[in-house]
Amino acid sequence: MKPSLLLALACTAALAAGARADTPEEPEPLVQKVQEYAEKATAMAKDAFSTLRDSKAAQHARKLLSDGAELAKQRLAWLKEQLKELWKRTPTPDTAP
């Protein structure tokens with residue numbers, strides 16, 4: 001279930017609880033039902049995220065990102081070395097006129 005859908009359902013439940021809480025009948029069972037619903041929605045969201053986190057696609061994506069970051073570090077180190085060499089070879093201008 002998408003997080004945006006869970007948020008919409010939670011907001012709807014909260015609004016419904018608020019609307020029914022204004023009635024003179026017993027609000028306690030309604031509040032308890034909303035709390036139970038929120039707990040179930042939270043558990044479902046945690047389960048969905050843990051399933052997504054453990055999926056092979058997510059593991060593959062993490063590996064690609066890690067490899068890309070390592071390659072970027074290597075290229076940055078190479079670029080720094082090239083710039084150091086260029087800096088060493090660049091003649092300094094005479095400061096005396």
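All values derive from a computational prediction rather than experimental measurement.
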Rounding to 0.5 Å, atoms OG1 (Thr42) and OH (Tyr37) come to a distance of 10.0 Å
Once you round to the nearest 0.5 Å, how far does NZ of Lys88 lie from CG of Leu83?
12.0 Å
Who pairs with Lys63 by side chain to side chain donor-acceptor pair (under 3.5 Å), at least two apart in sequence or on another chain?
Asp67
Partner residues of Arg53 under the side chain to side chain contact (heavy atoms under 4.5 Å, CB included) criterion, sequence neighbours left out:
Ser50, Arg62
Does anything in residues 37-47 pair up under salt bridge (charged side-chain N to carboxylate O under 4.0 Å, His left out), and if so which pairs, sequence neighbours excluded?
none
Could you list all the salt bridge (charged side-chain N to carboxylate O under 4.0 Å, His left out) pairs where at least one residue sits in residues 70-80, not counting sequence neighbours?
none
Not counting sequence neighbours, which residues clear side chain to side chain contact (heavy atoms under 4.5 Å, CB included) with Gln82? List them please.
Trp78
